[in-house]
2 protein chains.
Amino acid sequence: MIEGAHMVTLSDVAKQANVSKMTVSRVINHPEQVTPELKQLVEDAIIALNYQPNSVAKALANNRTNVIKVAILEDIDTTEPYYMSLLFGVAKGLDRKGYALQLVTDRARLSVGNVADGFIVTGARSEDIPLIDSLSQPTVIFGENHNGYDFIDTDNKEGTALATAYALAKSYQSVIFIGIDVKESFEYSREAGYINTLQQHKIVPKIHRMGNHSHQSQAFVNDNWRKFARNTCFICASDRLAIGVERAIIQNGGNIPNDFAVIGFDGVFLDQVANPQLTTVKQPVQKLGELLARMLIQKIAQSGAQQGELLVSPELVKRGTTRN
Amino acid sequence: MIEGAHMVTLSDVAKQANVSKMTVSRVINHPEQVTPELKQLVEDAIIALNYQPNSVAKALANNRTNVIKVAILEDIDTTEPYYMSLLFGVAKGLDRKGYALQLVTDRARLSVGNVADGFIVTGARSEDIPLIDSLSQPTVIFGENHNGYDFIDTDNKEGTALATAYALAKSYQSVIFIGIDVKESFEYSREAGYINTLQQHKIVPKIHRMGNHSHQSQAFVNDNWRKFARNTCFICASDRLAIGVERAIIQNGGNIPNDFAVIGFDGVFLDQVANPQLTTVKQPVQKLGELLARMLIQKIAQSGAQQGELLVSPELVKRGTTRN
DNA sequence: TTGTAAGCGTTATCAT
DNA sequence: ATGATAACGCTTACAA
C-alpha cells in the first residue's frame, strides 16, 4: 500500500500559478471567464502538480452527493443476468462523470439516508407510481411507461416486428406468439409488433400467454403438441419462454429448425446457453444502461427538466433455431 | 417531486437542545463521552427535527470519500449471473454503512479519479498482483489466493467433498471429476475435495479438465460415451460444465438419475435453467458479497489492519440429476 | 477579469 | 464533560 503524500489542492495549484484559488476554480468550471494567458498558466500548474479535484469538497460546496441510487424493484430471486449488463452500463456511464451508485432493492430504503442526486428506477410496476412520485430528486425510468416519466427502453414493438417478418421471410407457415401474462407496457408493445406485422400479411395472430418460466412454456408446447402443424415458428416474449419451447420441441422429436423454429427475446446469457443456440431479439442492454446514466446526468444538470422518452432499436440475432 | 425544505443540520439540533454542535457530534460519534442527561436532550432533538447527518460533510471532514471501488477483472462477455448476486450482497453491505460503490471493469480506471476509501477485487489472476499491490487504500479480495491478501471465498474443498461423499452414499460406482483447466487456487481446492474423499474410500480419482464451457463438456461426454459404465456420477467444477454433461447424457439416451448422475458447482441461475434441474454445490454468493463489504469496512475502520481469510461453507442442493 | 471573504456541514484540537 | 475555533477543499457572492 502506498500512503497518500500530501494531497494537491486548489491552493497548491493557485500558488504554483501565482493566481488566486478562484482563478483556478474558474479555469476548471467556467474557463470562458478567464483570460487565455492566466488559463495557460493554471493549466500548466495543474499538469505539473497532477492536480485532481476533490469531488467530496466539490459536492459539499454544491450541495450534492455525487451518488445516484439505482433501484431494482423487480423480484430477482432468479438473479436475472439481464440486470448485470444493465448495471454495468449504468456504472460505466456514471463513473465517467464521477458519480458513484447505490444499489437499492428494498423499496423502503430508496429515500432513506443520505439521499442521492438522482434516481434510476427499473422493474417498476403500476403500484410503484406513488413511490416514484415521492422521490425528491431527478429520476429516470428503465422500461416503457405511459405515466409521463422520462424513460429509456428497447423498442419492443420493433423487436417482435423484426422477428415476425423474419419468420415469414423464412417461409414458416404458422407463426405463433408466446407471451407473458402481465399487464405491462413492454408486453403490449411486443404483442403489437407481432400483430401488426401479421396483419400486414393478412394473417390472423395467435397469441398464448403464460408466466415467464421455461417450464410453463415447455408444458404448454408439450400439452398441445399435436395441434402444431409442421413449419411453425414460435415467437417468444422472452428467452426464458423460448428455451422451454425449444426443449419441448426436442422432447417431442420435432426437427429444429426445419419443421419448427423458435425466436426468443432479450439476448442476454440464456440465448447462448440453449442448445441449439437461440435466434433472438437482442436488446442492447449495456448501452441502455449507459444511456440511462447519461439521461439522468443531463436531467440533473438541467435542474430536473423533462427528458422525454428514448426507444433503442434491438437487433435480430440469427442462430440455430431458425432456418438459414 | 418534493423540493427539499431547509436541510436540518447539526447546528439546528444543537440550538434545539441548547448545546453546542460538538456535543451533538459527540452524541453521534462518541456517545460515551457525553453525560446521560445531555445525551437524552440531544437524542430527543434529533428525533424531533428528524436530523439526518450529511455524509458528504462528514466525508470531507474525515478525508474520506464514502465510495468503495468494486473491480470485476474477469472477462464477462458472457455476463456471469454470478456477479449479479455478489454485487447485490456487496451493495447491501455497503449501503447499510452509507457507502456507495463504483463498479470498475477496466483495469486502467481502478486508481483513476477521486480514489476510494477501499477496494474489493474479484476475478483477479496472478498477473494482477502488481495492480493489487499498487492500490493506495485497504483492499479485500473475492476468491481464495495464497499471496497474503485478505480474502473471502466459498470453501471449495468442502463443496466437492460434500458432492463426492453424496455420490458415494447414493451408491454410484464410478465418480468422475470434470474440472476446469486453469491454474487457479479455487480449482485446486475443488479437485482436492474430490480426491481426498475418494481416497478415504480407497478409490482412485479420475479427473478430466477442459475449458469452462457447456459445449466442451458436452463434446467430451459424447466423444467418450461408450467408456462410461452405467452407475456413473459426474462431479463438475461448475454448473456450466454440468449442463453440458447433462445434455450429452440425454442425447445419448442415458437415464438420469438412475444410470448417470450429474452434480454441478455454483448454484447460480444455470442450475435452475437445466432440465432436469441440477443437483449442485450452491455457493452463498450474496452472503459472500455482504461479508466482503463487512470485512472491508472493518479493515478501513482499523486503518488497514490485516483481516485474514474467510471460507464460507457451501450447501449441497439435491435435485433431479441425482438419485433420491 | 481577478481576488477576497464567507460559507457548505462536519470533526479535531485545544480550552475551560 | 462541554464548548469555541479552526480546518477539510471547494464555490458563490461580492468587491476591486
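The structure displayed is predicted, hence computed values, not measured ones. Per chain, numbering begins at 1; letters A, B, ... match sequence-line order.
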side-chain contact (heavy atoms from CB on, under 4.5 Å) evaluation trace for B/I120 with B/V90: CA-CA 9 Å; B/I120 294 176; B/V90 169; 3.8 Å; yes
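- Across all strands, A/N62 comes closer than 4.0 Å only to sugar-phosphate atoms, never to a base (heavy-atom distances).
- For the residue pair A/E315 / A/Q283, no side-chain donor-acceptor distance below 3.5 Å is found, with atom types taken as modelled.
- What separates CE of A/M7 from P of D/dG9 is a distance of 6 Å, to the nearest Å.
- A donor-acceptor pair shorter than 3.5 Å cannot be found between the side chains of A/Q16 and A/D12.
- Counted by atom type alone, B/E74 and B/Y83 present one or more donor-acceptor pairs between their side chains at under 3.5 Å.
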Report, one pair per line, the protein and nucleotides 14-16 of chain D atoms (nitrogen or oxygen only) whose separation is under 3.5 Å.
none

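- The interatomic distance linking A/L41 (CG) with C/dT2 (P) rounds to 10 Å, in whole Å.
- Picking from C/dT10, D/dT2, D/dG9 the nucleotide with the shortest atom distance to the side chain of A/A57 gives D/dG9.
- Close to D/dT11, at under 4.0 Å from its OP1 or OP2, lies a side-chain N or O of A/N29.
- Ranking D/dT12, C/dG9, C/dT2 by closeness to the A/H30 side chain, first place goes to D/dT12.
- Residues A/E144 and A/S189 bring a donor and an acceptor atom of their side chains to less than 3.5 Å of each other.
- B/I28 places its CD1 atom 7 Å from the P atom of C/dT10, with the value rounded to the nearest Å.
- Distance from the side chain of B/A61 is smallest for C/dT11 among the nucleotides C/dT11, D/dC10, C/dT2.
- Looking at B/V70 and B/V104, their side chains never come closer than 4.5 Å, going by heavy atoms from C-beta outward.
- Counting to the nearest Å, the C1' atom of D/dC8 and the CG atom of B/N63 are 8 Å from each other.
- Proximity of A/T35 to the phosphate of C/dT1: no side-chain N or O atom is located under 4.0 Å from OP1 or OP2.
- For A/K58 and C/dG7, the NZ to C1' distance is 18 Å, given to the nearest whole Å.
- Across residues 11-23 of chain A, A/K21, A/M22 each have a non-hydrogen atom less than 4.0 Å from an atom of DNA chain D (numbered order).
- A/F151 and A/H146 have perpendicular rings, their planes meeting at more than 60° on a 0 to 90° scale where under 30° would count as parallel.
- In summary, B/R107 and B/D128 engage in a salt bridge, as defined by a charged side-chain N under 4.0 Å from a carboxylate O.
- From one end of the helix from C/dT1-D/dA16 to C/dT16-D/dA1 to the other, with five pairs defining each end axis, the axis direction shifts by 40° (rounded to 10°).
- Between the CG atom of A/N66 and the P atom of D/dG9 there is a distance of 16 Å, given to the nearest Å.
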Evaluation steps, salt bridge (charged side-chain N to carboxylate O under 4.0 Å, His left out), between A/D95 and B/R109: CA-CA 9 Å; A/D95 188 34; B/R109 288 196 63 83; 3.0 Å; yes
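- Between B/L10 atom CG and D/dT2 atom C1' there is a gap of 15 Å when expressed in whole angstrom units.
- B/E158 and B/S313 share a side-chain donor-acceptor pair at under 3.5 Å.
- In this structure, B/N54 atom CG and C/dG9 atom C1' are separated by 6 Å, rounded to whole Å.
- When all heavy atoms are compared, the tightest approach of A/V67 to B/A100 is CG2-CB, 3.8 Å.
- A donor-acceptor pair shorter than 3.5 Å can be found between the side chains of A/D117 and A/T65.
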